[in-house]
There are 2 protein chains.
Amino acid sequence: MGITIKEIAKLADVSKSTVSRVINDSEHVSDEARKKVQQVIEETGYIPNSLAKDLQRNKTNTIGVILPKINTSTFSSAVEGISDTMHENGYNILLTNTRLNTKEEINHLKLLKEKRVRGILFFATEVTKEHIETLERIDIPVVILGQDTSDILDFPCVIHDDFVSAQNIVGYLVAHGHKNIGYIGVEEYDIAVGQLRKKGYEAVLTENNLEINEEQIYKDGFSMESGYKGMLEIINNSQKLPTAIFAATDRLAIGAIKCLKDKGYQVPEDVSIVGIGDSDISPLITPELTTVRYDHLQAGAKASQILLNYINKQEVTEKLVMNSQIIERESVKNV
Amino acid sequence: MGITIKEIAKLADVSKSTVSRVINDSEHVSDEARKKVQQVIEETGYIPNSLAKDLQRNKTNTIGVILPKINTSTFSSAVEGISDTMHENGYNILLTNTRLNTKEEINHLKLLKEKRVRGILFFATEVTKEHIETLERIDIPVVILGQDTSDILDFPCVIHDDFVSAQNIVGYLVAHGHKNIGYIGVEEYDIAVGQLRKKGYEAVLTENNLEINEEQIYKDGFSMESGYKGMLEIINNSQKLPTAIFAATDRLAIGAIKCLKDKGYQVPEDVSIVGIGDSDISPLITPELTTVRYDHLQAGAKASQILLNYINKQEVTEKLVMNSQIIERESVKNV
DNA sequence: CTGAAAGCGCTAACAC
DNA sequence: GTGTTAGCGCTTTCAG
């Protein structure tokens, strides 16, 4: 059963209250009593039960984190950032992984409420009516990461500006003389990655009076394989191969590069490629990938800070747009 | 404050017990009562407080995970595996990150005890007397990952056989004709990575009557930069460049490759390189890295299963050695 | 400075 | 089938 405060009290010949006081570093305890209690604690190896404490206090020091996947550099970096700043502030992290199953998110939200977490960091993909309803009901500070929910939800969010990033990097391609640019992205249920990045791409093409060629647009999942398959489709379906490809994520870009190599094309000599995200792999592949850097660790840290402020009823940034920058490497050539 | 079981009881015009029964899917509740209670719960959005429940039951369904870093493919994959199998079995994960600070481990252990986690998955690096003492005192099922603690600790562990893996991959180098093989590793306070892998390397050289050349041995941290620096040192200090390098981890190997390239050497034409770990980056770099595959996701899953058995007082594998295999890619040439 | 007592929200006998 | 009761281990008034 484990030893309790009551037994410590008995052994130290004081009351529970006194033991509680020394545990919680309260003043108003005589040195003598404190010493005795500490000694007993030391001897017995007593470790207080925070369930009881949290119940009584009606608050925990646990932060819930909901993410769709963990073994990916985006999320694990963000979690590292979260973990850093939460640890510094005395909070622990309860991790829940929806494994890309959006339906599960609602359950995870409820689970975290059951645990009475003090706040939630929610890596959102899509946000349905049911999400909104649950989020509002649970009455826990939440910060949304990765999706701009500022006009549908009354919670702070921290995002990268996907539309602008896509514009920038596609603009970079245009500036390098590319006029025929293909697109490999993900399904559009994902607002940030699926829709915004595609729209940024389209905006730049339209702006520059370049043709948007449907058979050079491909959308599927997030995996490297999707990137590979996308590139393959574009190769097979194109009358004329695009001179450049904008991939919505680095991972996709890497898959595409692999495909091009397999098919005997050279990157960037035959086809230039860019991505978004600056995955840790990107500088290591050949050619090193030109991309847009998103600092996920920093995003995690910032989001944590916002959540902390929220919890402490301080002023809160409603929408933090992380800035991003183009990282020029080797996968684009002038044309 | 949140709504409680008591209020649900009142609204549904039944007792707390009945509400508790329907929440916990107990039989012995009339359909009528159940329906009424469920309706009230639905209407109010009531979500039970698991702190109270866990306190009363004297058990939680959360598992503590202690790791030294999260944004690395080794750990995030392991956590993915853990998360998968724990989720399937109705457990949640409390993550604690020591950020490579070994001294912190003891505190994290205590913290998890406070939270009364049901079991702990502990990614160990070194295991000191204090560790042992704490581990034994907290009286919680623990499974150790990454270090063979079978003769000092009475807890199950799951490991990769680092000695044998190192032997195998260095043997592979020897089989390809290499006689002058350098080593880039990590400090030896880390038993598995620092000591065992080095010993495996030395064993093979000795066995084959090859010279162990101290200026071609370098030890430092785990980062890519360490690999780079290590390679640089070896280049600078060697009378004659080794024909092959065994790096204790893929990350180190990748750093070393980068250095070689920067210095104008070709891999594997000038120097062959191998690593251990099969990081997800390894097949993507140029040249693709020949290495030993460790399946960390699987290791996480297996360790979880062992922990679960331990918790349920079923029989437990005391020491699970995950097998590993050489993945032949492009970074080694015959000499 | 210290102890007694009440109670956090819930479960689990035990009666009815 | 259902309600009553007694805590789980702790904090927190409130007296003394």
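In what follows, chains carry the letters A, B, and so on, assigned in the order in which the sequence lines appear, proteins first and then strands, with residues in each chain numbered from 1. Please read these numbers as outputs of a predicted model, since none were measured by experiment.
Between B:Ser30 and B:Arg34, every side-chain heavy-atom pair lies at or beyond the 4.5 Å cut-off. Residues A:Val117 and A:Ile63 have side chains not in contact (no heavy-atom distance under 4.5 Å, counting atoms from C-beta outward). With contacts defined as side-chain heavy-atom distances shorter than 4.5 Å, the pair A:Leu109/A:Leu135 qualifies.
Protein atom CD of A:Gln56 is 9 Å distant from nucleotide atom P of C:dC8, rounded to whole Å. Separating the CD atom of A:Glu114 from the C1' atom of C:dC10 is a distance of 12 Å, rounded to the nearest angstrom. In this structure, CD1 of B:Ile8 is placed 9 Å from P of C:dC10, rounded to the nearest angstrom. The CG atom of B:Asn58 sits 10 Å away from the C1' atom of D:dG9 (whole-angstrom rounding). Distance NZ (B:Lys115) to C1' (D:dG9): 15 Å, rounded to an integer number of Å. Here C:dG3 presents its P atom at 15 Å from NE2 of A:His28, a figure rounded to the nearest Å. If you measure from atom CG of B:Asn24 to atom P of C:dG9, you get 17 Å, rounded to the nearest angstrom. Note: CG (A:Leu51) to C1' (C:dT11) measures 14 Å, nearest angstrom.
Taking 4.0 angstrom as the limit, B:Arg21 places none of its side-chain polar atoms (N or O) nearer than this to OP1 or OP2 of D:dG1. Checking the phosphate oxygens (OP1, OP2) of D:dC8, no side-chain nitrogen or oxygen of B:Arg57 falls inside 4.0 Å.
Relative orientation of the A:His160 and A:His296 rings is perpendicular, given thresholds of 30° and 60° on the angle between their planes. Ring geometry, B:Tyr310 versus B:Phe155: the interplanar angle falls from 30° to 60°, so the pair is classed tilted.
Map B:Leu55 and B:Glu32 each onto its nearest nucleotide of DNA chain D; the residue landing nearer the 5' end is B:Glu32. Along DNA chain C, the nucleotide nearest to B:Lys53 and the one nearest to A:Ala33 differ in position, and the one closer to the 5' end is contacted by A:Ala33.
Annotation: proximity of residues 36-50 of chain A to DNA chain D (heavy atom, distance under 4.0 Å) is found for A:Tyr46, A:Pro48, A:Asn49, numbered in ascending order. Within residues 12-20 of chain B, the residues having any heavy atom closer than 4.0 Å to DNA chain C are, in order of number, B:Lys16, B:Ser17, B:Ser20.
In summary, the side chains of A:Glu80 and B:Asn97 do present a donor paired with an acceptor at a separation below 3.5 Å, with no hydrogens or angles considered. Under the 3.5 Å distance criterion, with hydrogens and angles disregarded, no donor-acceptor pair is assigned to the side chains of A:Gln305 and A:Asn89. In summary, the side chains of A:Lys115 and B:Asn49 do not present any donor paired with an acceptor at a separation below 3.5 Å, with no hydrogens or angles considered.
A:Asp54 comes within contact range of no nucleotide atom at all, as no heavy-atom separation falls under 4.0 Å.
The residue from A:Glu43, A:Lys36, A:Lys35 that alone fulfils the side chain to side chain donor-acceptor pair (under 3.5 Å) condition with A:Gln39 is A:Glu43.
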